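Below: the structure, in structure tokens.
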Amino acid sequence: MKTYISTSPELTRRSFLKTTSTLAAVASLAQGVFAAGDETLKVALIGCGGRGSGACDQALSTTGPLKLVAMADAFKDRLDSSYNNLKAAHADRVDVPEENKFIGFDAYRHAIALADVVILATPPGFRPSQFEEAVRQGKHIFMEKPVAVDGPGVRKVLAAAEEAKKKNLKVAVGLQRHHQKPYLETIQRLHDGDIGDIVAMRAYWNGDGVWVRPRKDLEKKLGRKPTEMEYQMYNWYYFVWLCGDHIVEQHIHNLDVINWVKKAHPVLARGMGGRQVRKGIDNGEIFDHHFVEFQYPDGSWLSSQCRHIPGCWDSVSEHVQGTKGKCDVSGYKIEGEKAWQFSGDEGKDPYQQEHDDLFAAIRNDTPYAETAEYGAYSTMTAIMGRMATYCGKEMSWDDAINSSIDTFPKVLGWDAKTPTAPDADGRYAIAIPGKTKSF
Amino acid sequence: MILAGEAAAKPVDFVTDVKPILEMNCVSCHNPEHAEENGKYRIDTKEEAFKPHKKDLRISPGHPDDSEVYYQLLLPLTDENHMPPTKLKAPLSKADCEVIRQWIAEGANWPDGVTLKVVMKVEFVRDIEPILEQGGPIPDKAKETLRLWLAQGAVWPAEVSFPSAKATAGAAGAAAGQIDFGRDVVPILAHGGSLTDPARETLTKWVDQGAVWPADVKLGAAKGGAQAKDMDVAEQIHRVILAGSKEQTPADMKIYTNTIPGTSVTYAMVPIAPGEFLMGSPATEAKRNVDEGPQHRVKIDPFWMEQCTVTWNEYELFMYPEDKPAAPADGTTNYTSETADAVTRPTKPYVEMSFGMGKEGYPAISMTQHAANIYCQWLSAKTGHFYRLPTEAEWEYACRAGTTTAYFFGDDPAQLGEYAWFADNSNFKYQKVGKKKPNPWGLFDMLGNVDQWTLDQYDADYYKQFTETVTEPWNKSVKPYPQVVRGGSWKDEADKCRCATRLGSTKAWKKQDPQLPKSIWFLTDAQFVGFRIIRPLKVPSAEEMYKYWHSGVEKE
């Protein structure tokens, strides 16, 4: 293991003396890590889409001096429009000269190097390597969910999270329900035993589906045929190596809530799924529905549905049954002996709150690293669900997390080979339950 | 534009930098005539401007933070001492505040003898656009306004949509030094944003030479892109609608049910006869809010109004253009209008926008006013009828249906449950449309269930200006918030579901949209907002149609 003994004057800061009691801890502190409340924090945005720009907007809306100093994206037009929007919203906090705008697959390394805090908001397939690099460079991190799309990615994130703890880095994961007042109060009551032991759970993300970016639109934009890599990066939601399928990219929120309630991750998954409606030429390789049963260590079962099909029964919610009552978790409502319904002020927008909390932890040097761990476990829960629906077999947690199926390309580049390629009709191989390799 | 960093580099000059700011923002109240009711303070002469206020200094040379004139600029907008008063004027830009700060910090030099007068602050939408919209020579008064606008930087906000579509090249061979509108002016006006100095000079010359704007020269296309396309679409739709309009008089108007072409989804339209009514509520009405008065007489032209609010069945046809439903089984043609397909559609929302409350037969919700407007445009193209949102006045006229009480059935909230879904009976969610009793004119769910978008900008004082009968009032939007919704919803108590209750939209309705920029189509935090459409009997011009469908303030 590399060590990061800092010789920077930051080491003498009051906040460090306050919290570091052992030599080992001091030795592991990375260069550039500091926590003085009045320090101007330098922020880098990696991944400049709508959500990345939004996360950066929220970071720049926290209190205390800070500046956006670097940006990175695979596509220049995304970066430019993000820059313009951020500049318009935070003229005095955006200071990104042209030479600090990095484009391409390697852009993130350069942007990370210039910052104290990095926002990782690219498609999730890139998250493990970018998180690993940000930790290696000793930066505080906000990373969007999910944090990976396969077992090897989750293992990489867990290892880096361990390293981040040693380096006293603050890490936040964009599972904003953990910063949403009514969720916090509801789950506190469940943890206090208000409905007894929780014996059955349900979670849903059934909706109409998200955006599609057709190949012909990209061709029009570029004025030439895009390479396969360009197309997959552009229409990333529909490719497993980039997105993880919607069970990972979206339904993770609901699975994460159940893990939070249960204070555990599942040990087993059985499921089924497929593509019934959304199977157009620009819908890549992902399923449009998954139904998974997850078993928890105490033997209780979670049944989980996620669907991207318009015109069906829709719900984005979590519900749990206890021995002494039941709870509509997302409705903040308990029925039973200790009936209760959340009322009153719902608190700050949770997307803002999660940044307020992270930056407060950085400035006050309070512990803030466990989020990476539960973020990784919740991500893995969703991945295990996908593995179960793709292969049709029973998946154990251990097999899933130790899976050797690495979906990431061997080489990155606009002309590089993509992990999956279309046939002559422009269609991709779809997972076939019973035949697709399990792990 | 002066950036804070740049301003610090060179000292400010009172006459060129500070005077215009004070003249445009302060002198209209702080002058000899109005000082009495405005803190007894005048800022029009040096002597008056520097007079102390009790123990405090209005302007303390060298100490901006101790100067009332400066720090009142920085107060929160909600603070009643914020200057300029938020009710009267927009707050100063950061750059302007910085100029004031720097001027005071540098000693607040005010050359002797320089006095200030009121200068109108030109607003593009309010002052310039109407001038630019008219063809032919521009009247002297309008020319003055144009000249002022040029002097103030001639800012043409890039996001301001321009209503016309065609650009023409200038007439060739205009004499040297003579400004030619097509050749010289159109390209400048087409550019958007702030103008360069040479461009401004050209414009100034053009104004001096009479500011002729040939009636046949229109700008939109030169501005390029989306606006031109939208105007073209509006013109296409207009042609289709003119060709298909049969009804000429209110007597021709009957209730009708229409099937959205190419689908089996229907909606019903109820005729609303023209008439006059008393808008707003009397001061004596229980639970009444001040923004509901004063009551004033309003004259309304005839229109049809949708019997129920727009359902997901209807709205999803607009949301998902690629998923064309199969042709109806009765063998009618599967007509899809290419024009309708040219209307911009919403981007798909990331979250599920019915929030699990049901779709089939339930009201569509969570759309922005912009999305509701574009739905009207799309449906117009689809059907060949001109549809739009109601104005606030049209909505209240139809809701009251000739009644003058708090609710259209009387004043007793105990009866509301027969007519409306609201907090007492909704089970905390919206319910299917058309399940309660209608109002006297046959409109369902006018009160409760979902709030309904109107076309108007919300202004609590809007009614105060009307002293005599006003015809078809419409407070056009000039900013993204607030816009008016009416009728109350499933989450409201009875008093919020009265005919006169008004509600303005706020940024909080998009609070949890985690993206930047936030969606112009969807509201993440307004599960109580829907809409219904109207169809005026009189078919307006293509440009008017465009104005109804595009207020131009959808971006925040």
Side-chain angles (χ1 to χ4, degrees), chain A residues 45 48-58 60-61 81-82 84-86 88-92 95 121 144 174 176 180 204-212 214 237 249-250 253 277-278 280 282 307-317 330-331 333 341 346 348-352 354, chain B residues 1-5 93-95 97-98 157-159 193 265 312-313 315-317 319-325 345-360 362 365-366 427-429 507-522 524-525 527 555-556:
Chain A
L45 172 60
C48 304
R51 178 58 197 130
S53 309
C56 191
D57 175 36
Q58 286 132 14
L60 296 178
S61 302
S81 70
S82 171
N84 291 337
N85 286 326
L86 288 164
H90 303 276
D92 47 345
D95 183 11
E144 256 310 333
Q176 78 285 349
Q180 195 163 355
Y204 307 95
W205 193 306
N206 290 347
D208 295 346
V210 301
W211 51 264
V212 181
Y237 208 95
E249 206 282 332
Q250 218 169 33
H253 280 296
V277 174
R278 186 175 61 187
D282 287 299
R307 176 165 58 200
H308 275 190
I309 303 178
C312 301
W313 175 74
D314 287 335
S315 180
V316 178
S317 61
S330 46
K333 188 177 176 181
Q341 164 84 55
E346 296 204 353
K348 224 179 195 177
D349 161 21
Y351 293 98
Q352 185 58 51
E354 65 185 346
Chain B
M1 189 178 74
I2 301 162
L3 292 171
S93 68
K94 274 190 182 167
C97 292
E98 175 57 23
E159 71 274 12
V265 175
W312 285 113
N313 305 57
Y315 195 72
E316 286 200 327
L317 296 172
M319 282 173 72
Y320 302 124
E322 71 276 25
D323 304 333
K324 291 197 179 74
R345 304 299 179 81
T347 47
K348 269 192 180 172
Y350 183 80
V351 293
E352 195 283 295
M353 282 297 170
S354 74
F355 296 89
M357 294 192 283
K359 292 246 176 112
E360 186 74 32
Y362 287 99
I365 54 160
S366 308
N427 196 24
F428 301 107
K429 67 182 283 293
K507 276 191 174 198
W509 294 8
K510 282 189 193 174
K511 187 174 81 168
Q512 291 187 65
D513 184 337
Q515 311 231 10
L516 182 78
K518 290 176 188 279
S519 172
I520 61 169
W521 301 101
F522 292 102
T524 47
D525 301 80
Q527 298 159 27
K555 290 197 179 113
E556 288 169 31

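All chains are named by letter (A, B, ...) in the order of the sequence lines, taking the proteins before the strands, and each is independently numbered beginning at 1. All figures in this text were calculated on a predicted structure; none of them were measured in a lab.
Proximity of a side-chain donor or acceptor of B/Lys429 to a complementary backbone N or O of B/Met357 within less than 3.5 Å is detected. The backbone N or O of B/Lys510 lies less than 3.5 Å from a partner atom in the side chain of B/Lys518, making a donor-acceptor pair. Checked by atom type and distance alone, the side chain of A/Asn206 pairs as donor or acceptor with a backbone atom of A/Arg307 at under 3.5 Å. Listed for the B/Ser366 side chain is a donor-acceptor partner under 3.5 Å among the backbone atoms of B/Met353. The backbone N or O of A/Gln180 lies less than 3.5 Å from no partner atom in the side chain of A/Gln176, so there is not a single donor-acceptor pair.
Ranked by heavy-atom pairs shorter than 4.5 Å toward chain B, the options A/Ser53, A/Gly207, A/Gly331 are led by A/Ser53. Taking A/Val210, A/Asp57, A/Asp92 one by one and counting their heavy-atom pairs under 4.5 Å with chain B, the maximum is reached by A/Val210.
Nearest approach of A/Arg51 to A/Tyr351, heavy atoms of both residues: NH2-CD2, 3.7 Å.
Residue contact with chain A, scored on non-hydrogen atoms closer than 4.5 Å, involves the side chain of B/Ser354 exclusively. Using a 4.5 Å cut-off between heavy atoms, B/Lys359 contacts chain A through its side chain alone, with no backbone atom that close. Within the 4.5 angstrom heavy-atom criterion, atoms from both the backbone and the side chain of B/Gln512 approach chain A. Of the two parts of A/Ala55, only the backbone, made up of N, CA, C and O, holds a non-hydrogen atom closer than 4.5 Å to a non-hydrogen atom of chain B. The part of B/Lys94 that comes within reach of chain A is its side chain, from C-beta onward, which places non-hydrogen atoms under 4.5 angstrom from that chain. Of the two parts of A/Gln58, only the side chain, counted from C-beta on, holds a non-hydrogen atom closer than 4.5 Å to a non-hydrogen atom of chain B.
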